[in-house]
Asks: 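Got a structure here, written out as structure tokens. Questions coming.
For the numbers below, each heavy atom of this structure counts, side chains included, while hydrogens, waters and symmetry mates do not. We count ligands from 1, going down the list as the structure has it; atoms in each ligand are counted the same way.
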Amino acid sequence: MSSVRVRMAPSPTGWIHIGTARTFLFDYYMAKQQKEGSLVLRIEDTDQKRTVAGGVESLIQSLKLLGIEHDEGPGVGGAYGPYTQTERTDIYQKYVNKLLASGHAYHCFCSEERLENLRKEQEALKQKSRYDGLCRNLSPEEVSQRIAAGEKPVVRMRVPENETVSFEDLVFGRVQFETSEIDEQVIVKASGIPTYHLAVVVDDIEMKITHILRGVEWIPSTPKHVLLYQYLDQKPPIFVHVPLILNPDGKGKLSKRKGNVAVLDFFREGYIREGLVNFLSLIGWNPDPRVAHKDEIYDIAYFIEHFDPKRIKRSSGRFQVEKLEAINAAWIAKLSKEELLERVYQWIDLVVTDNVVDAMRGVSDELIEKREKYLKLRAFLQQDEEKSRELLGIIQQRVKKLPDVFDWLAVLFTDVSFDLEALESVVPEVEKRTEIIYNLREALEKLDSWSQEKWEPTIRALADTYALKHGDLFMILRIIVTGKRISPPLREFMELAGRDFVSQRFQKCLHK
Ligand code: GLU
């Protein structure tokens, strides 16, 4: 069996759709399953409108965040380069000449205007828009003359009449198309630059790709590619079309309107690599029940071992945000305190650093606000990293996404108000409440040292004096110290936050 060679073939737009990321993960698993497997990164930039400055670096950054490293391509080289399509024009030219010589492609001189009118006519007749073949049978002499006279033709592929084109897909089985449904696609533009359809076929041949994993939306293009393989006497690779990921409500392809879709945005939102990889790999795919885990928590090594493209489902999968959060939380909970601190720093770096996507869509006020907040968090964490690790340790089980760290710890470095309503509900009478708070402060200040063993009995005794449930007095203390009813474990938090901090909080609270 020959080694698996798979490819990721994005346009250099600078960002990766989260659905495409899933396909790339599947590519990665297939390549890594075999000792000799290779993952190629190829930049498909024949449509220059989609090229963005810095786009390739930014794509690679997103791949790295996911833990995907390519074996060949930009930045690493390889035996089948160059790996950027606009640098491969000579290679395509050879193939175009071959197709022209064998009559499988022809020059077309139709103007944009004519094609536009044709489209409109077909639309009016409710016909599928396709080329009508006007230039299909021009004589070689006419073609030479017109080119010599300065006309700039495109090249189209020829499609035979009344035939069936079919291919085997690992997910969808046998797929067939009648040639009457296939347009005589432009394969070289008037500028001399090939279109995606030609370049993708040539590159997959030249780069010896064995499996093409890509989104299901490419199925209608595949018969064109299959014809080109035939014309070039090549056996096509194995096709693996991966179904869509749908919006959380199950309606339509996961889209920007319903939330973020760029990989980088998910990292900026505070999801971690292990969580995203685990979650994405389970959309539209699941492991063989014999090796499945009940909790659905899997690491990348597991997927490399057990991924089988034949188990990709045909139906589209929904993007379930709650599931992503739960899986992410499970992975955050597994990190060591040291690692968690590192992840928080990495995440803040991503949020505060401009990227290609920001350059395109502009930096929103929301992002500016987040940057201010998270820079404060970073400065706080850096002050005393040993303490920061301990603090992270006590909140870790409560963190679903990294920004939750800010919410749990903000009281330590920003002005967090008090949930006064909650305070009132514990002791409704204002005088009694104030008295309790005063006495609580005093009792804590009198302690000769700051530790749980010291303050705990003091608090319990005070609660008895006021005939309060112990839990109620701890609630009052919690709201004073953290501002909220729900907080990190109070005792550990007070110990780490320190005596001065607690006394300042009392000060502020009594002020209110
Ligand atoms: N360049 C195509 C894209 O941007 C890739 C399609 C394919 O994998 O063949 O999605």
Asks: For residues 55-62, which side-chain N or O atoms pair as donor and acceptor with protein atoms under 3.5 Å away, sequence neighbours left out?
Replies:
| from | atom 1 | to | atom 2 | distance (Å) |
| --- | --- | --- | --- | --- |
| S58 | OG | G14 | O | 2.6 |

Asks: Nearest to atom 5 (C) of ligand 1 by heavy atom, A9, G215, A199: which?
Replies: A9

Asks: Which pair of non-hydrogen atoms, one from F239 and one from P236, has the smallest distance, and what is that distance?
Replies: CE1-CB, 3.9 Å

Asks: Less than 4.0 Å is my threshold; does some heavy atom of M8 fall inside it relative to ligand 1?
Replies: no

Asks: Note the single closest protein heavy atom to atom 9 (O) of ligand 1, along with its residue, its atom name and the distance in Å.
Replies: Y196 OH, 2.6 Å

Asks: For ligand 1, which atoms have a heavy atom of S11 less than 4.0 angstrom away?
Replies: 4 (O)

Asks: Just one of Y302, Y298, W331 clears the side chain to side chain donor-acceptor pair (under 3.5 Å) bar with N278, so which one?
Replies: W331

Asks: Taking only heavy atoms of V200 into account, list the atoms of ligand 1 that are under 4.0 Å away from them.
Replies: 9 (O)

Asks: Nearest protein heavy-atom contact for atom 10 (O) of ligand 1: which residue, which atom, what distance?
Replies: W218 CZ2, 3.5 Å

Asks: Please confirm whether W285 and Y29 have ring centers closer than 6.0 angstrom.
Replies: no

Asks: Determine, using ring centers only, whether H17 and F24 are less than 6.0 Å apart.
Replies: no

Asks: How far is atom 8 (O) of ligand 1 from its nearest protein heavy atom, and which residue and atom is that?
Replies: R7 NH1, 2.7 Å

Asks: Quick one: which of F279, W15, F319 gives a ring pair (Phe, Tyr, Trp, His ring centres under 6.0 Å) with F266?
Replies: F319

Asks: Which ligand 1 atoms does E44 reach within 4.0 Å, using its non-hydrogen atoms?
Replies: 1 (N), 2 (C), 5 (C)

